[in-house]
Every structure is written in C-alpha cells, then in structure tokens.
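When a residue number appears, it is its place in the shown sequence, counting from 1. Here the structure is a predicted model, which is why all the values come from computation and not from measurement.
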Amino acid sequence: MSSLKDRKYKDELPLNTINKIRKILSDLGIITIETDWKNSAKGFCSVRVQIINTSISTNGKGTSHEYALASAYAELMERIQNQTFFRLDDTLSEDAMSYKHFYYAPDEEYFSVDDIIKRNDDWSSYHLNRINSTIDEYEILNKWAKTSYEHTPLDFVSIPYKNLNTDKLSYIPINMVSKIYMSNGMCAGNTFEEALIQGISETLERHVNKVIITEKITPPNIPRSYIQKFPRLDFMINQIESKGNYQIIVKDCSLNENYPVVAVVFINKDNQNYFIKFGSHPVFEISLERTLTELLQGQDISNMIGLKEYSYNSTISDEYQNLLGILTNGSGYYPNEFFDSNPDYDFNEFKDISTLNNKEILNHTIKLLNNKGFDIFVRDCSFLNFPSYHVIVPGLSEVDKFDDIDSLNTYIKYIQIKKHIRNLGNISNQEISNLIDLIHEVEYNPNLSITQLLNLNTDNNTPWYYSNMNLFLSALNYYQKNFDKSYRHFNKYLNSLNLKYHNKNTINHYKCVKDYISMRADNIDDEHIEQNLNLFYNKNLVNSVMNEFRYPENILNSTYIDEYKYRNKKTYANTYDNIYKTLKDRYILSNINQKSLSLD
C-alpha cells in the first residue's frame with residue numbers, strides 16, 4: 001500500500017473510501033447522483049453528490065477525480081450521521097421527528113431551563129460563566145427555549161458530548177449546537193484519528209479567519225521561495241495563474257501562535273476582484289493543498305463566482321452579516337488591513353511533522369490546544385459504521401454567540417415567519433399583518449426567496465411571489481388591498497432586475513403588473529385600467545394580468561399553491577421523512593456510547 005504521505009494523510013485509498021460509502025448508502029436504499037464536475041485547471045477537481053429527490057447534497061474537492069469524489073462522499077457521511085440536514089427543520093413531519101421515540105439520537109435527554117442551570121456541566125458552565133453581566137441567565141436560556149422545533153414537554157432536547165480533557169459528559173441542547181456552531185467541527189474520515197484531525201483543523205481555520213477579520217490583523221505573505229520547496233504546490237499555483245491575469249498570494253495565518261492555518265488570496269487583476277479561502281491541517285503541504293482545491297471547488301476558473309471588488313475606501317455596511325457570510329459560505333469582504341504589506345507578525349516556517357502518522361499528528365494537535373487552555377468536546381455519531389464525529393472547542397468553535405439577545409430575537413422571528421408562511425392558506429388577515437411586520441422587523445434580505453427560506457426543492461411549481469421577498473410582500477399587501485404598499489414592493493423588485501438577463505416578454509409582463517397595481521392604488525376602475533393598459537401592452541397580456549389580479553382575496557389561493565403543496569408533500573417531504581426514518585432505524589441499532597470515547 002502507498003505511504004501515508006502519498007495518500008495525502010488519508011488512512012485509506014480514495015477508491016476504497018468511495019466504494020465503502022456507496023455500499024453503506026446502497027444497503028440503506030439511498031440513491032445518489034454525482035453532478036457538477038469541475039476541472040478547469042490541472043490538479044483541481046470538484047464534484048457534487050446529491051441524494052435524489054431531496055436537497056441533501058455535499059461538495060467534494062481534490063487533486064484528482066478520485067480524491068474529489070471521496071471528499072464529497074465522506075462529507076455526505078459526516079453530514080447525515082451528524083443529522084445536519086434534519087436539525088431545526090420544520091419540513092419534517094411530526095411522525096418522522098418523533099419516530100422510534102427520539103428526535104435526533106437514542107441517547108438524547110430532555111431538560112428544562114432550571115435543569116440546564118442546575119446541572120452545571122463542563123459545557124454549560126463555560127458559557128453561563130461568560131455571559132454578559134447585564135444579561136440574566138434565565139433570560140438568555142428562555143430565549144433559547146423559543147428556538148426549538150420539537151414538541152417536547154421540556155425546553156431542550158440535548159445530546160451528550162465527551163470532554164476529552166476531563167472524561168466527563170456534557171449534554172448540549174441541539175438547538176444551541178446547530179445555531180452556535182452550525183456545521184463547524186463536524187468531520188468524517190477513514191479512522192477516528194483522521195476524522196478528528198479534520199474536525200479540529202476546520203475549527204482552527206474558522207477561528208483564525210474570524211480573529212483576522214474582527215481584529216483587522218495583517219498576516220504575513222508566505223514567500224514563494226518557501227512554497228517552491230513543495231514542487232506540487234508550486235505547480236498548482238502556476239496552473240491557476242497561467243489561466244488569466246490572475247495572482248495567487250499565500251498568507252501565514254498562524255497568528256504567531258503555531259496555529260496550522262493558511263489563506264489563499266485569488267486576485268483577478270483585470271477587474272480588481274478577489275476571493276479568499278482559509279484552510280488548515282497540521283502538515284503544511286496538506287493545509288495549502290486543501291486551501292487551493294477549496295478555492296476552485298464548484299468553480300470554473302474563467303468564470304469565478306463569489307468574488308468581491310477591491311476598493312481601499314470601501315466600508316462594510318453590516319460587519320456581522322459579512323463575517324457570518326464568510327464563515328458559512330466563504331464569501332465576503334475583508335478589511336483593508338488584510339492586504340497590507342506590513343504584517344503584524346513575521347513569517348516563520350511551519351513545523352515539519354510530515355513523518356508522523358495520524359495518531360501522532362492528532363496527539364500533536366490536541367497538545368497544542370491543551371497548552372492554550374482549551375477543552376475539546378467530541379461526539380461520536382458513527383452509527384452507519386463510517387467514522388464521523390462532531391468536535392467542539394469552546395472559545396474557538398463558535399460561529400454565532402451564546403448570549404447575543406438581538407441575534408436570538410431575530411432568529412425567533414424567522415421561526416415565526418416560517419410557521420406563518422407554511423400555513424399561508426389558513427391564516428387570518430391579522431396574522432398576515434403580523435407576518436408583514438415580522439419580515440420588516442428582521443430587516444429582510446430582498447433577494448432571499450421563500451423557497452430558500454423554507455428549504456424547498458426548487459423543482460416544485462411554486463407561486464410567482466415565492467421567488468423574491470419583495471414580490472412576497474407585494475402579494476401579501478395586495479391580498480389586504482394595500483395597493484400602494486404592494487406597488488412599492490413590486491416596483492423595488494422590478495428596479496432590482498438586471499434587464500439583460502431577462503427576455504422582453506417577461507419584462508413586459510412585470511411592467512404590466514406594476515402598472516395595474518399602481519392604477520388600483522389610485523382607485524381607477526377596471527374598465528379604465530383595461531383601456532389605459534391596452535394603449536401600451538398587448539391585449540392578451542392585459543387580459544392575463546387582469547384575470548390574475550382582479551380579485552385580491554384570491555392572490556394567495558391560486559392553483560399554484562395547491563400544486564406546490566401536492567408536489568411538496570408527495571415527492572420532497574415524503575422522501576425526506578423516509579430517509580430520516582431509515583437513518584433512525586440504523587441509529588437505534590448501533591452500540592455507540594459516548595463514555596467509551598478515548599484517544600487511546
């Protein structure tokens with residue numbers, strides 16, 4: 001068998017990993033499709049793996065097709081065994097949620113707010129002892145209780161994690177796990193050690209990224225002469241730069257604290273756009289390779305998406321949302337200091353541990369964190385017999401804050417918004433008014449679609465106003481005969497369109513709808529509206545618009561919604577429920593015990 005270094009520190013060859021996972025999924029009756037292959041530069045491959053009839057999918061990247069596919073399948077196992085796709089998800093039926101008499105894991109337990117405070121385990125004491133002094137612990141926990149989706153008699157569904165430092169279990173509420181950490185630290189690999197190295201590395205990567213942005217740190221560039229000691233990495237960078245007027249800058253993001261983190265800056269000098277990716281692994285060569293392949297994951301180098309335009313005097317209007325965007329989907333603006341030529345610390349060569357095996361590398365990494373005073377919590381969720389875990393390092397892992405009252409209030413409002421929308425055909429006029437108010441209170445993103453908000457399969461035939469939040473607000477106000485407000489929201493949507501991406505007939509339709517609503521706002525009767533519109537629009541178009549919009553009380557009860565409900569129930573939701581039940585069947589048969597987790 002090839003050496004560990006030749007296998008890129010994977011404990012198994014990629015083809016063996018792929019075949020093992022495919023068999024696991026096949027035995028479960030789960031069918032996947034492999035799409036969106038990208039290979040726009042030599043040595044850069046990426047792919048998407050999706051479970052059919054669902055939105056459950058993961059991306060993979062690597063230096064070959066085999067490594068990219070193994071990466072995608074391993075991430076799929078990581079996510080489905082951590083149940084990422086099913087947490088805090090109101091698309092699941094109550095039957096599926098409570099199937100086998102547990103919600104997320106057979107070893108879950110249920111706690112009240114008082115229970116959380118009285119238990120005072122390692123994890124909860126860490127956060128409760130650090131909440132803002134102006135916030136009462138009961139206040140913050142009662143806010144958290146409102147973010148749960150499960151219908152339990154107590155406030156929280158909690159799952160156990162083991163503190164590797166103290167060997168004690170902490171029961172962490174699943175809604176806190178999902179909101180505070182999101183998918184950060186979730187990992188899978190061919191072995192326990194390989195997986196945990198990945199989970200800890202991802203935690204360090206996001207922590208360092210966050211620190212560099214919030215503290216406006218200038219990391220040093222890694223000299224090209226150092227990178228040239230690794231010919232394969234130098235070749236990969238040359239491949240990218242040879243495809244256009246591009247430049248790659250590699251930065252040492254160790255923070256002068258020996259964190260094994262690097263960043264790659266992709267710059268398109270033709271339009272001054274940039275894209276930044278962070279990556280981490282205790283072995284420098286793997287750390288940089290993963291960051292480079294991540295840069296082109298799902299990307300065509302000649303048509304990169306997610307790039308940001310550099311401007312020295314630019315200001316970030318919402319720094320929190322910008323940071324959250326970077327940490328969750330990898331795209332956002334970086335402060336000017338990041339690009340400065342005067343670093344805040346000097347570059348030092350990374351410690352060479354390339355001769356160690358994965359168990360030794362893991363011990364080396366854990367020792368680094370322990371020496372800095374960090375506890376490491378781990379949950380084993382390998383119930384499908386492919387090593388998968390969730391690593392939490394309090395103080396490093398947080399994507400969101402535990403004690404952010406404003407963030408929690410907004411999150412609670414989004415939950416209420418989603419509940420109203422899912423019951424749109426049956427809610428009262430007052431509830432629609434409440435829904436409109438809630439959307440404005442959360443300072444909605446106008447480009448957010450309702451299908452995205454509800455995590456719907458986009459293949460479904462959804463109403464026209466589900467494609468954009470301004471269209472949705474226009475429809476809600478139209479239903480209430482608030483024609484002036486309906487017009488303003490529809491006009492905002494029309495003004496936001498890039499006309500070159502829409503055909504003339506579509507734009508004419510939008511304009512006709514806008515003018516019709518505007519005339520309704522001016523109390524013009526239908527006969528005169530029709531006469532006015534016929535002067536400027538095709539008669540068939542006018543008839544179509546007037547038939548659709550003549551009766552405001554019907555705007556939210558069209559056949560489109562009935563068709564959406566039917567399709568969503570029969571295809572997407574049922575498949576989703578069945579997969580979740582299948583996973584639960586396997587979970588309850590597994591012999592996973594968090595107490596037995598050990599580094600030995």
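Checked by atom type and distance alone, the side chain of Gln198 never pairs as donor or acceptor with a backbone atom of Glu202 at under 3.5 Å. Side chain of Glu294 to main chain of Lys277: no donor-acceptor pair is present (N/O by atom type, distance under 3.5 Å, no hydrogens or angles). A donor-acceptor pair under 3.5 Å links the side-chain atoms of Lys210 to the main chain of Glu398, judged by distance alone.
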Run the numbers on Asp121 and Lys168 for salt bridge (Lys or Arg N to Asp or Glu O under 4.0 Å), then give the verdict.
CA-CA 8 Å; Asp121 58 31; Lys168 295 179 180 178; over 6 Å; no

Apply side-chain contact (heavy atoms from CB on, under 4.5 Å) to the pair Ile421 and Lys418, showing each step before the final yes or no.
CA-CA 5 Å; Ile421 295 173; Lys418 290 168 71 173; 5.8 Å; no

Between Arg79 and Glu75, is the salt bridge (Lys or Arg N to Asp or Glu O under 4.0 Å) condition met? List the steps.
CA-CA 6 Å; Arg79 298 300 172 92; Glu75 184 164 322; 3.5 Å; yes

Report the C-alpha distance between Leu369 and Leu204 in whole Å, list the side-chain angles of each, state the deciding distance to 0.1 Å, and finish with yes or no for side-chain contact (heavy atoms from CB on, under 4.5 Å).
CA-CA 10 Å; Leu369 295 182; Leu204 290 174; 3.8 Å; yes

Could you go through the side-chain hydrogen bond (donor to acceptor under 3.5 Å, both in side chains) check for Tyr9 and Asn357 one step at a time?
CA-CA 8 Å; Tyr9 295 86; Asn357 61 36; over 6 Å; no

Is there a side-chain hydrogen bond (donor to acceptor under 3.5 Å, both in side chains) between Asn59 and Ser46? Walk through the geometry before answering.
CA-CA 7 Å; Asn59 298 309; Ser46 68; over 6 Å; no

Checking Phe377 against Leu164 for the side-chain contact (heavy atoms from CB on, under 4.5 Å) test, could you report, in this order, the C-alpha distance in whole Å, the side-chain angles of both residues, the deciding distance, and whether it holds?
CA-CA 6 Å; Phe377 294 79; Leu164 296 183; over 6 Å; no

Carefully, step by step, assess Asp114 and Tyr138 under the rule side-chain hydrogen bond (donor to acceptor under 3.5 Å, both in side chains).
CA-CA 8 Å; Asp114 281 331; Tyr138 280 94; 3.0 Å; yes

For Asp352 and Ser354, what are the C-alpha separation, side-chain angles and deciding distance, and is it a side-chain hydrogen bond (donor to acceptor under 3.5 Å, both in side chains)?
CA-CA 6 Å; Asp352 183 7; Ser354 59; 2.6 Å; yes

Can you list the steps and then say if Ile212 with Phe278 is a side-chain contact (heavy atoms from CB on, under 4.5 Å)?
CA-CA 11 Å; Ile212 284 176; Phe278 277 64; 3.8 Å; yes

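With 3.5 Å as the limit, one finds no donor-acceptor pair spanning the side chains of Tyr411 and Asp404. With hydrogens and angles left out, the side-chain atoms of Ser3 and Asp6 include a donor and acceptor closer than 3.5 Å. Side chains of Asp252 and Ser254: a donor on one and an acceptor on the other come within 3.5 Å. No side-chain N or O of Ser598 forms a donor-acceptor pair with one of Lys162 less than 3.5 Å apart. Side chains of Glu34 and Tyr73: a donor-acceptor N/O pair is present below 3.5 angstrom, by distance only. Using modelled atom types and a 3.5 Å distance limit, the side chains of Lys359 and Thr191 yield no donor-acceptor pair. The closest side-chain donor-acceptor pair between Ser148 and Asn175 falls under 3.5 angstrom. Of the N and O atoms on the side chains of Ser57 and Arg48, at least one donor lies less than 3.5 Å from an acceptor on the other residue. Checking Gln452 against Ser449 by side-chain atom types alone, a donor-acceptor pair falls below 3.5 Å. Side-chain atoms of Asn53 and Tyr576 include no donor-acceptor pair closer than 3.5 Å. With 3.5 Å as the limit, one finds no donor-acceptor pair spanning the side chains of Gln416 and Tyr414.
Put simply, the side chain of Thr147 does not reach to within 4.5 Å of the side chain of Ser178, judged on heavy atoms. At a threshold of 4.5 Å between non-hydrogen side-chain atoms, the residues Ile174 and Tyr103 do not count as touching.
Both the sub-6.0 Å distance and the 45° axial angle are not jointly satisfied by Lys20 relative to the ring of Phe386. Judged by the 6.0 Å distance and 45° axis criteria, Lys584 is positioned over the aromatic ring of Phe102.
Annotation for Leu448: atom CG counts as buried by contact number, over 12 foreign heavy atoms lying within 6.0 Å. Other residues, nucleotides and ligands contribute only 12 or fewer heavy atoms inside 6.0 Å of the NZ atom of Lys146. For CD of Glu94, the number of neighbouring non-hydrogen atoms (other residues, nucleotides, ligands) closer than 6.0 Å is greater than 12.
When each of Phe374, Trp123, Phe402 is checked for a side chain to side chain contact (heavy atoms under 4.5 Å, CB included) with Pro394, only Trp123 meets the rule. Screening Ser590, Ser382, Ser388 for a side chain to side chain donor-acceptor pair (under 3.5 Å) involving Gln81 leaves a single residue, Ser388.
Tyr161 pairs by the ring-ring contact (aromatic ring centres under 6.0 Å, His included) definition with His390, not counting sequence neighbours. By the ring-ring contact (aromatic ring centres under 6.0 Å, His included) test, His65 pairs with Trp37, sequence neighbours left out.
In terms of heavy atoms, Arg130 sits closest to Asp403 at O-OD2, 4.0 Å. Scanning both residues, Lys143 and Ile412, for their nearest heavy atoms gives O-CD1, 3.6 Å. Nearest approach of Pro106 to Ile588, heavy atoms of both residues: CG-CA, 3.8 Å. Taking all atoms of both residues into account, the shortest heavy-atom contact from Thr58 to Ala72 is OG1-O, 2.9 Å. Between Asp155 and Val113, the shortest heavy-atom contact is OD2-N, 2.9 Å. Contact detail for Ala188 and Ala195: the closest heavy-atom pair is C-CB, 3.6 Å.
Between the CD atom in Gln321 and the CD atom in Glu443 there is a gap of 9.5 Å [rounded to 0.5 Å]. Remark: Lys10 NZ to Ser71 OG distance equals 7.0 Å, nearest 0.5 Å. A distance of 7.5 Å separates CG in Asp107 from CD1 in Ile159, rounded to the nearest 0.5 Å. Here the straight-line distance linking atom CG of Asp95 with atom CG of Asp577 works out to 7.0 Å at 0.5 Å rounding. Atom CG of Asn16 and atom CZ of Arg7 lie 10.0 Å apart (nearest 0.5 Å). Rounding to the nearest 0.5 Å gives a distance of 11.5 Å between OG1 of Thr166 and CD1 of Ile376.
One finds a salt bridge joining Lys413 and Glu441 here, because a Lys/Arg side-chain nitrogen approaches an Asp/Glu carboxylate oxygen to under 4.0 Å. Using a 4.0 Å cut-off between a side-chain N of Lys or Arg and a carboxylate O of Asp or Glu, Arg119 and Asp115 do not qualify as a salt bridge.
Centroid-to-centroid, the aromatic rings of Tyr580 and Phe85 stay 6.0 Å apart or farther. For Tyr104 and Phe86, the ring centers are positioned 6.0 Å apart or more.
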